[in-house]
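Remember, it's a predicted structure, so these values are computed and weren't measured experimentally. Every number for a ligand or one of its atoms is a count from 1 in the order of the listing.
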Amino acid sequence: MATFDYVIVGAGSAGCVLANRLSADPATRVLLIEDGGDNQHPFIRMAGGFVKIMGNPEYFRVFPLKPREGMRPGIHTYGRGLGGSSAINGTWYLTGMPQDFDSWADLGLPGWGWDEIARCYQKFEDYREPGAHPGRGKGGELQVTNSTYQSPVLDALVAGFGTQGMPWLDDITTPNAHGVGRSQYTVDRKGERESAYKAFVKPIRGRPNLTIAMHTAVKRVLFADGRATGVLCEANGEELTYSAAREVILSAGVYGTPQLLQLSGIGPGAALQELGIPVLHEAGAVGQNLADHQKFGVSFDLTNHPGTNREFFGWRLYRNALQYFLTGTGHLARVGMPLTGLIASEGVDPAWPDFQVAAAPFAMRTVNEMAARPGSPLTPNPGLTFSGYHLRPRSRGSVTLTSPDFRTPPTIDAAIWADPYDQAKAIELFKLFRRIARSDPLEMFIGKERMPGDAVQDDQAIAAELAKMVEGGLHGVGTCAMGSDPATSVTDARCRVHGVGALRVVDCSIMPTPISGNTNGPAMAVAERAAELILEDRL
Ligand SMILES: Cc1cc2nc3c(=O)[nH]c(=O)nc-3n(C[C@H](O)[C@H](O)[C@H](O)COP(=O)(O)OP(=O)(O)OC[C@H]3O[C@@H](n4cnc5c(N)ncnc54)[C@H](O)[C@@H]3O)c2cc1C
């Protein structure tokens, strides 16, 4: 049995940052365990390639959703392999807002306010675009670049957003600001995806004190006298154990971590007993409090401009692939929509916007079209899309273990619109999209609304149509939330699991409330902060 000081489970956004920081001292032995492989597929390196491998179980973990009446059925997929979800995500980069983190400090979590988190971002960011706000980091491990796409449709979109009071932002991550700006991506200056593995682990992989165990799944945490002492794993069909002299750190993601805690006997006691799992520590909050952004898109016919749909078909696709491989530029180097907006909904402080939107002269096939004729969601027909979500949903779902076998995924209750406030905000956002689309600056570019269509006008009908479109943003947080009360939280403010020793959780699952933006950057910032706490506690 090999022994390390720290055993980190999961080489995702958070796990890779931790592996880097904890192994910086050559005397500290660190093991990073990952269920998946090295994720070296060219469609992972090329951000625009991820649609081609979407859902492939080699790179994705698949979780079934509990069906919800009237809502679109489905699954959630998170990343597997080095880099975790940062290796297969949309590469859209945001940091969250100062108030997100300050509100954690207000919840009784000292050390998690914006001052600390902003310092963490500054430490690892490498952002060199013009107009950067003064707090941006330069020279850190993680390259972040801007969208480079130019088009008269984009100019019209910016003007359209302006009609609704949204100013232009040179840097869309500017703290306390609302407005619209160029999207930012975790893509390097050569056009390659900056997964957490590529940014934080690949450059230091030669450290003799860092070991990486790939294709190794952790089945449960091992304990002696209430302290974590190691992990039981499966690799190549064989069981093996790794021992942790100091701590085990779970970074297995918003669904993987609560699953692993429950498999290890930390969770709702009665439910664990029903599955035949011995209860080590009763912890009803494990797997509860799941929050996610619920996204939808509205597409229109694009007129008087070809848009970008045709770039993904025929000879243009080959030309774009060639351009990408020769220069790292072009339509395949950036996957997301080129414009990002952060907008305050009615009655909300503009310094803490609660809608995130994106827009592009590009459209996928609609949900109705896909239902009528399943197949690829891509279409060559020019379109213009607005998509987005409310950033601070009130609904809370759960992650429930259904089997003591670690290979059986837990059931996810995404609880979409369980709180009527979230449905009301979705309707408000949909109406905002329509107002922008029908604003004067966009008149020459906008044709028919593809779905639900102009005939759908009253709130009830809009809600029924949105229910067919809405889906998880895959920005899940909160399932092992930090907090001071062990009855309602899973870890303390230093990420230590309540009730047991030598076990921490560091990933999106510890975020007690939703982030006002995408979650990859915040997962890394949380890990950067947690690494500081872990190293402080070592002294
Ligand atoms: C399809 C998709 C698109 C997204 N798009 C964006 C985007 O554009 N921008 C953005 O900011 N965010 C995006 N997100 C969200 C963001 O990427 C995630 O929130 C973030 O990466 C999560 O980081 P994490 O460290 O919590 O977990 P993850 O990065 O998911 O890492 C968890 C790791 O643990 C491993 N693991 C789990 N269980 C075990 C086990 N038992 N044994 C061993 N290993 C295990 C997994 O294989 C995985 O590698 C997207 C997410 C998805 C899924």
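- The shortest N/O to N/O separation between Glu34 and ligand 1 falls below 3.5 Å.
- Contact check on Arg119 versus Glu116 returns no salt bridge, with no Lys/Arg side-chain nitrogen under 4.0 Å from an Asp/Glu carboxylate oxygen.
- At under 3.5 Å, a nitrogen or oxygen of Val218, whether backbone or side chain, sits near a nitrogen or oxygen of ligand 1.
- Screening residues 245-258 for side-chain hydrogen bond (donor to acceptor under 3.5 Å, both in side chains) gives His76-Tyr255, Glu247-Arg504, Thr257-Asp507 as the qualifying pairs, with residues at least two apart or on separate chains.
- The closest side-chain heavy-atom distance from Ser195 to Ile44 is not below 4.5 Å.
- Some N or O of Asn520 is nearer than 3.5 Å to an N or O of ligand 1, by distance alone.
- For the pair Arg136 and Tyr127, the cation-pi criterion (under 6.0 Å, within 45° of the ring axis) is fulfilled.
- Heavy-atom separations between Gly36 and ligand 1 are all 4.0 Å or longer.
- The ligand atoms of ligand 1 that sit less than 4.0 angstrom from a heavy atom of Ala14 are 25 (O).
- Proximity of Val477 to ligand 1 is not established, as no heavy-atom distance is less than 4.0 Å.
- With hydrogens left out, the protein atom closest to atom 10 (C) of ligand 1 is Asn518 CB, 3.1 Å, a heavy atom.
- Between Tyr93 and ligand 1, not a single N/O pair is under 3.5 Å apart.
- Rounding to the nearest 0.5 Å places OH of Tyr59 at 12.0 Å from CG of Leu82.
- Looking at heavy atoms from C-beta onward, Trp112 lies in side-chain contact with Val526 at the 4.5 angstrom threshold.
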